[in-house]
Amino acid sequence: MLASCAVGPDFVSPAGPAVDGYTREQRPSATTSAPVTGGNSQGFETGRDIPGAWWALFRSRQLNAFVEEAIRNHPDVQAAQFALRYARENTLAQQGSLFPQVSGSASAERDRTSTSQSGVWPAQGSTYTLYNASVSVSYALDIWGGTRRQVEALQAQADYQGFKLEATYLALTANVVTAAITDASLRDQILATEEIIKAESDQLARIQRQFEIGAISKSDLLSQEATLAQARATLAPLQKQLAQQRNQLMAYLGRLPSQDRGEHVRLADLRLPGRLPLSLPSTLVRQRPDIRQAEATLHQATATVGVGIANLLPQLTLSGSYGATSPERLFSPETIVWSAASSVSQKIFDGGTLYHTKEADVAAFEKDLALYKSTVVTAFQNVADSLRAIQYDAATLKAQTAAEKVTADSLAMAVEQFKTGAVPYANIINAQQSYLNARVSRVKAQATRFTDTAALFQALGGGWWNRVDETPDALPRANAGYFAGTDKKTEDALR
């Protein structure tokens, strides 16, 4: 009867939004394609599960190695693991309050007394040993379930830390993937800029020779010099971005900037997943670690309300002791002592402290409920943003690829026309600048397709529930083999 009674509301996981999709408009069955690396079409498979090692779908050994190293070394992961252990131990400690508290004591005392202490003369002394042994039991009856609600609140806190650990994993892996792809993009942008600088330097040399023989004017020479200077001016900012991006990547890997060994991912080595999983809206709330964190916080607030209500009610405690006291032999019938007691306590007047504490707990519950709803709204927004990004990224890359081809053809035509005197040299300058901008924009568009695909996996929860390296009660391990993409769902996706 006592075990079945617990005041306060029982927690029920909130239901997910009753919607059929993530966007208002009909989602296209597949994206457009472009004839470059990362330009293949992508389609969505509604209801398909997400592999635990989703980054392995990009088919890059170096990218897999980066993710594995980050999980193994980053201090944030280690801190989250110990925070989870701390919360679990606190829960187990509080569970001890549900049981009787038993304590034992034993003592032996050697004494000497004298009749002179009582004024008896002639004085006589005696020496003896006094033995004491007892066992005490105290049990605070959890009549109203306050202690059980405290255990429930601490368990919810442990759940929160568990999902915070998953959120740390997810954020770190997504950041590593994004940083590595951005690093590859900057390298390709620098390479394209250097190639263009070389081409324009060669062009300047030809223009210099033509100027020396009087074939062209000084203004044409100056225009080419200005174009080359502008191209060179774009190189240093890209190199600065790359250096800072490397520092950021090293931080994600748990290294210092001075420990950079130079390994990197190449865009040409990446493969864009053609079929993308898309979770049902009804399951997203069970997959996102941040939503589960908010749910655990709400659960804790619900249990805390029950604790506050239980504190308003009478508290009953049972206690007893059994032992023996003897100068000679313990536990003989004449030395046995025992006691049994019960007590009931109830606050009669406390100035409204307990009542308003309970009301504060109710207000905290309402606040956490509102924050939970906000987290859900943000999660659906993240997925919708990723779907739109993937759709329009494909169109952008196709357009940028076409623009690069057109500007390259335009530059080649302008050069040929200038040789015959059909166009002024200013046409070449404009064509060169257009080609430089189009080529760099195409590289950026390639990288964006990869990073926004990674963002979709992150928005859908990252597949943490499909990891195969741990048991339900174990702390996640940082050096497990699944980081190389060995779990079954990843293998199925790769096939």
Side-chain angles (χ1 to χ4, degrees), residues 31-41 181-242 245 266-268 270 272 392-452:
T31 66
T32 187
S33 61
V36 292
T37 299
N40 56 282
S41 177
I181 293 173
T182 303
D183 174 89
S185 172
L186 288 170
R187 290 177 185 276
D188 280 7
Q189 292 176 52
I190 290 173
L191 179 61
T193 302
E194 289 175 339
E195 290 177 357
I196 292 172
I197 290 174
K198 183 179 183 305
E200 291 183 355
S201 297
D202 295 341
Q203 181 69 7
L204 177 61
R206 287 190 292 269
I207 295 298
Q208 180 70 39
R209 289 192 296 269
Q210 291 178 353
F211 172 72
E212 291 173 352
I213 63 176
I216 60 173
S217 65
K218 178 71 172 181
S219 61
D220 290 339
L221 177 62
L222 294 176
S223 295
Q224 179 60 30
E225 289 177 344
T227 301
L228 178 58
Q230 290 176 355
R232 285 173 174 168
T234 63
L235 185 59
L238 289 174
Q239 292 172 330
K240 170 189 172 182
Q241 293 179 47
L242 177 60
Q245 188 63 46
R266 297 176 64 249
L267 280 182
L270 296 174
L272 191 69
Y392 293 115
D393 286 347
T396 300
L397 180 57
K398 182 178 182 180
Q400 292 292 352
T401 302
E404 181 185 16
K405 183 178 185 305
V406 170
T407 55
D409 293 343
S410 177
L411 176 59
M413 182 179 294
V415 170
E416 293 300 322
Q417 290 177 338
F418 175 74
K419 290 179 180 178
T420 62
V423 296
Y425 192 73
N427 286 29
I428 294 181
I429 300 299
N430 293 334
Q432 285 176 334
Q433 192 62 45
S434 297
Y435 175 65
L436 170 61
N437 294 335
R439 185 170 178 182
V440 171
S441 296
R442 186 264 300 166
V443 173
K444 291 180 179 179
Q446 279 180 286
T448 300
R449 289 207 70 184
F450 288 107
T451 56
D452 282 339

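No experiment lies behind these values; they were computed from the predicted model shown.
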Asker: Under the side-chain hydrogen bond (donor to acceptor under 3.5 Å, both in side chains) definition, can you give me all pairs with a residue in residues 405-415, not counting sequence neighbours?
Answerer: Lys405-Asp409

Asker: CD of Gln210 to OG of Ser217: how many Å apart, nearest 0.5 Å?
Answerer: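 One finds 11.0 Å between CD of Gln210 and OG of Ser217.
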
Asker: Mind listing the closest non-hydrogen atom pair of Pro237 and Ala233 along with its distance?
Answerer: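 Where Pro237 meets Ala233 most closely, the heavy atoms are CD-O, 3.1 Å.
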
Asker: Do Glu194 and Ile190 pass the side-chain contact (heavy atoms from CB on, under 4.5 Å) test, and can you show the C-alpha distance, the side-chain angles, and the key distance before you say yes or no?
Answerer: CA-CA 6 Å; Glu194 289 175 339; Ile190 290 173; 3.6 Å; yes

Asker: Compare all side-chain heavy atoms of Gln433 with those of Leu436 and state whether any distance is below 4.5 angstrom.
Answerer: yes

Asker: For side-chain contact (heavy atoms from CB on, under 4.5 Å), just list the numbers for Arg232 and Ser201, CA-CA rounded to whole Å, side-chain angles, deciding distance to a tenth of an Å, and then say yes or no.
Answerer: CA-CA 10 Å; Arg232 285 173 174 168; Ser201 297; 3.6 Å; yes

Asker: Salt bridge between Asp202 and Lys198, side-chain N to carboxylate O under 4.0 Å?
Answerer: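 Counted as a salt bridge, because a side-chain N and a carboxylate O are separated by less than 4.0 Å.
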
Asker: Side chains of Ser33 and Asn40, heavy atoms from C-beta outward: is any pair under 4.5 Å?
Answerer: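 Heavy-atom side-chain distance check fails, nothing below 4.5 Å.
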
Asker: Can you confirm whether Asp220 sits close enough to Phe211 that some side-chain heavy atom of one is under 4.5 Å from a side-chain heavy atom of the other?
Answerer: no

Asker: Is a side-chain N or O of Glu200 found less than 3.5 angstrom from the main chain of Gln224, in a donor-acceptor match?
Answerer: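 Pair absent, no side-chain N/O of Glu200 close to backbone of Gln224.
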
Asker: What's the shortest heavy-atom distance between Gly38 and Phe450, and which atoms?
Answerer: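 Minimum heavy-atom contact is CA-CZ, 3.7 Å.
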
Asker: Salt bridge (charged side-chain N to carboxylate O under 4.0 Å, His left out): which pairs involve residues 431-444, sequence neighbours left out?
Answerer: Glu195-Arg439, Glu404-Arg442

Asker: For the pair Glu225 and Leu204, evaluate side-chain contact (heavy atoms from CB on, under 4.5 Å) and give the outcome as yes or no after the intermediate values.
Answerer: CA-CA 7 Å; Glu225 289 177 344; Leu204 177 61; 3.5 Å; yes

Asker: Does a side-chain heavy-atom distance below 4.5 Å link Ile428 with Gln203?
Answerer: yes

Asker: Please say which of Thr37, Val440, Leu267 ends up in a side-chain contact (heavy atoms from CB on, under 4.5 Å) with Asp188.
Answerer: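 One option only clears the test, and that one is Leu267.
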
Asker: Between Ala34 and Thr401, what is the shortest heavy-atom contact and its length?
Answerer: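 Scanning both residues completely, I find the closest heavy atoms to be CB-OG1, 4.0 Å.
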
Asker: Please check this pair: side chain of Ser41 against backbone of Thr31, looking for a donor-acceptor N/O pair closer than 3.5 Å.
Answerer: yes

Asker: Report yes if some heavy atom in the side chain of Leu242 is under 4.5 Å from a heavy atom in the side chain of Arg187; otherwise report no.
Answerer: yes

Asker: Measure the CG-OG1 distance between Leu238 and Thr193 for me, rounded to the nearest 0.5 Å.
Answerer: 5.0 Å

Asker: I'd like to know if the side chain of Glu416 pairs up with that of Thr420 as donor and acceptor (distance under 3.5 Å, no hydrogens or angles considered).
Answerer: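 No.
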
Asker: Applying side chain to side chain donor-acceptor pair (under 3.5 Å) to Gln230 and Thr234, what does each step give before you reach the verdict?
Answerer: CA-CA 7 Å; Gln230 290 176 355; Thr234 63; over 6 Å; no

Asker: What is the minimum heavy-atom distance between Thr451 and Thr448, and which atoms define it?
Answerer: OG1-O, 3.1 Å

Asker: Is there side-chain contact between Thr182 and Leu186, with heavy atoms separated by less than 4.5 Å?
Answerer: yes

Asker: What's the separation between atom CG in Leu222 and atom OG1 in Thr227, rounded to the nearest 0.5 Å?
Answerer: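 Going from the CG atom of Leu222 to the OG1 atom of Thr227 covers 10.5 Å.
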
